[in-house]
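Below, chain A is the first sequence line, B the second, and so on; all start at residue 1.
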Amino acid sequence: MTLQFSLHQQIGQLTLNQPPSNTMTMAFFKEFRVMMHDIATTKGLKAIIISGNGRHYSSGADINELLANVDHRTMLENYRAFVMLEQLKIPVISAIRGVCLGSAFELALFSHFRLCSADAVLGLPESTYNLMPGIGGIQRVASLAGKANAISMILRGVTFSADDALGMGLVDAIVPKDKLLDLAIDFANRLPTNILKIDRAACIYKYLKPLQANG
Amino acid sequence: MNSSEPVIFEMLDSIGVICLNDPPANELAIPDFITLTQLKRWLETPGLKGLIIKGEGKNFSAGGNLDAVFKNSNHPETLKTLMHDGVKLLNYIQDLDIPVIAAINRICFGGGLEIALACHIRVASENALLAFPESNHNLMPGMGGTFRLPVCTGFARSAKMILGGDTVNAADAKEMGIVDFIAPKDQAFEYALTLMRKMTLDRPVKVIRSIMQALKNASDLPQEEAMGEETRLFCSLAVDEAERRKTEEA
């Protein structure tokens, strides 16, 4: 399986599982779509944490495979699955280490919170392949980091550091790499379980800052 | 540039540069500093990938010529038409599907700031000064500044800046979200040009237009429609790229 789900004390851990780079292949997206329907109907979940198996979150889509199989309907289904994730009533947290590029960064942007390690490398490099971010990354970067940052970053197709991402508001906290997953779980346990009642900024201030201080 | 035209257009590679050309203050004789027809003609330049708006000489622009405004105050209909044309022009610039950067050195007041706020990205030199001084003359910003400024910096700070006629320096403007990038002293244009080259030089026009369109759709269309449109734009680029790679291999 290119995607693993495990449940620990009502917290669902979703692991992108095609190490080393956890490439998001068509097989991955298919599993992800099914997984979203399962998660949406699972009772008693408190939160979801998304991370990558090994050193990286994910390098994003497999460009060659994607170009050989351009299909509007599948793309739109993938997009809808990302939106489903965002519309879950429980908090979704992406725990990011290593590379988090393209579709993978888009997946992280559909999470409600983003924690990352200092060595994380993020970005939407699609334009350097004569493409564009196709699953909502453009508008989410614009709403978090502003239109000017979105335009300059996406047209240049640059990657950037965790520090820069934090400065632009694209991630919520930088935490030590070896504690990334533990802190994400700790954070998830402190969060209210109903995301609809959550004030993002207040939660970051109230629950995430103290964790960083202790970390 | 020493033409006597009040606004000059020239191409640098694939980048169009619009230069407000009435130094030293680059005052805007009428609210619509160029006509929409003129702009559209420039935009037809083949291969155009982005626009930079700058001022000739030391300053960006000190804004509208108040004499012209007051001269027309006896002809309210004329003034209204002029202002309306100005608003239409700036809305058109804001909605363009190629990136537009304002390169702001030193003075950027009133109508100058209105133009800058309609651009997608604002680069200001560290010695730039921004203001809406209209209220000092018992007027108000009349070309969209009253709704564009709050998008950048919120209602409260906009109200203070516009009612107070405050002059804001580059560092504060960056902090407030009114400018996006700070360039060294008097180097706004050089900085803007470097940034624009990185954004556009190696990119096909269609990639640029698709990305800008998706960004615009995000604020203009309902989510479901924007999603469908984004997927369509993406697939069209992917088909082109797959085709290009095949041709390259052959």
Side-chain angles (χ1 to χ4, degrees), chain A residues 26 61-84 86-87 102-103 106 109-110 124-158 167-169, chain B residues 49-50 94 98-102 119-123 151-152 177-181 192 194-204 206-219 221 223-224 226-246:
Chain A
M26 291 177 71
D62 177 339
I63 301 261
N64 291 329
E65 186 196 37
L66 189 146
L67 289 179
N69 299 278
V70 182
D71 176 39
H72 184 270
R73 218 178 64 186
T74 312
M75 278 286 303
L76 201 53
E77 278 174 17
N78 295 343
Y79 202 146
R80 283 189 215 287
F82 277 25
V83 173
M84 269 182 87
E86 188 178 48
Q87 289 176 345
S103 306
E106 292 183 300
L109 288 165
F110 276 82
L124 295 171
E126 286 85 344
S127 70
T128 64
Y129 299 96
N130 297 332
L131 299 173
M132 62 184 270
I135 328 185
I138 294 178
Q139 53 265 46
R140 269 150 196 87
V141 168
S143 71
L144 289 167
K147 223 175 187 174
N149 272 329
I151 293 173
S152 81
M153 167 204 310
I154 294 168
L155 284 181
R156 281 183 296 154
V158 286
M168 288 185 282
Chain B
K49 291 180 175 180
Q94 178 169 288
I98 52 171
V100 186
I101 304 181
C119 297
H120 303 130
I121 297 173
R122 282 165 291 286
V123 173
V151 172
C152 301
I178 302 171
V179 306
D180 306 297
F181 299 98
T194 304
L195 175 62
M196 186 64 95
R197 284 195 167 126
K198 284 182 184 159
M199 283 163 46
T200 59
L201 210 57
D202 297 331
R203 308 277 169 270
K206 187 170 166 185
V207 170
I208 296 169
R209 289 189 189 277
S210 300
I211 288 170
M212 295 299 294
Q213 187 61 48
L215 198 61
K216 196 163 109 63
N217 290 345
S219 46
L221 300 181
Q223 172 161 328
E224 185 66 22
M227 276 169 63
E229 214 23 44
E230 187 177 339
T231 307
R232 191 189 61 75
L233 290 166
F234 178 88
C235 289
S236 175
L237 292 179
V239 167
D240 287 1
E241 178 61 8
E243 196 56 39
R244 193 191 65 81
R245 289 186 181 196
K246 257 183 229 154

**OP:** Measure across B/Ala238 and A/Val70 and return the closest heavy-atom pair with its distance rounded to 0.1 Å.
**Re:** CB-CG2, 3.6 Å
Subject >> Taking every non-hydrogen atom, the tightest pair across B/Phe234 and A/Gly134 >> reply: CD1-CA, 3.8 Å
Subject >> Per-residue contact mode, B/Arg244 against chain A (heavy atom under 4.5 angstrom) >> reply: side chain
Original post:
Given the options A/Ala68, A/Ala142, A/Ser127, which has more heavy-atom pairs under 4.5 Å with chain B than any of the others?
Top reply: A/Ser127
Original post:
Which one, B/His120, B/Glu241, B/Arg203, leads in non-hydrogen pairs under 4.5 Å with chain A?
Top reply: B/Arg203
Original post:
Can you tell me how far CG of A/Leu155 sits from CD1 of B/Ile98, rounded to the nearest 0.5 angstrom?
Top reply: 11.0 Å
**OP:** Please state whether the side chain, the backbone, both or neither of A/Thr128 comes within less than 4.5 Å of a heavy atom of chain B.
**Re:** both
Subject >> Heavy-atom pair count under 4.5 Å with chain A, highest-scoring of B/Leu215, B/Thr231, B/Val151 >> reply: B/Thr231
Original post:
Would you find more than 12 non-hydrogen atoms of other residues, nucleotides or ligands less than 6.0 Å from A/Tyr129 atom OH?
Top reply: no
Subject >> Side-chain heavy atoms of B/Arg245 within contact of A/Asn64, under 4.5 Å >> reply: yes
**OP:** Check whether A/Asp71 gets within reach of chain B through its side chain, its backbone, both or neither, counting any heavy atom under 4.5 Å.
**Re:** backbone
**OP:** Considering only heavy atoms and a distance below 4.5 Å, find which of B/Arg197, B/Glu224, B/Lys246 pairs most often with chain A.
**Re:** B/Glu224
Original post:
Which answer fits B/Leu233, side chain, backbone, both or neither, if we ask what part of it has an atom under 4.5 Å from a heavy atom of chain A?
Top reply: both
**OP:** May I ask you to name which of A/His72, A/Met153, A/Arg140 has the most heavy-atom pairs under 4.5 Å with chain B?
**Re:** A/His72
Original post:
Can you tell me how far the CG atom of B/Leu237 sits from the CG atom of A/Leu67, to the nearest 0.5 Å?
Top reply: 10.5 Å
Subject >> Contact class of B/Glu243 relative to chain A, heavy atoms under 4.5 angstrom >> reply: neither
Original post:
Just wondering, do A/Asn130 and B/Asp240 contact through their side chains at under 4.5 Å, heavy atoms?
Top reply: no
Subject >> A/Val158, part contacting chain B, at a heavy-atom distance under 4.5 Å >> reply: neither
Original post:
In terms of heavy-atom pairs under 4.5 Å with chain A, which of B/Cys235, B/Ala214, B/Ser210, B/Ala218 leads?
Top reply: B/Cys235
Original post:
Taking atom CD of A/Glu86 and atom CD of B/Gln223, what is their separation to the nearest 0.5 Å?
Top reply: 6.5 Å
Original post:
So what's closer than 4.5 Å to chain A heavy atoms on B/Met212: side chain, backbone, both or neither?
Top reply: side chain
Subject >> B/Lys206 NZ to A/Met132 CE distance, which is reported to the nearest 0.5 Å >> reply: 11.0 Å
**OP:** Examine whether an atom of A/Leu66 lies under 4.5 Å from a heavy atom of chain B, and if so say whether it belongs to the side chain, the backbone or both; otherwise answer neither.
**Re:** side chain
Original post:
Checking B/Glu230 side chain against A/Gly136 main chain: does a donor-acceptor pair fall under 3.5 Å?
Top reply: yes
Original post:
Highest number of heavy-atom pairs under 4.5 Å with chain B: which of A/Lys147, A/Arg80, A/Glu126?
Top reply: A/Arg80
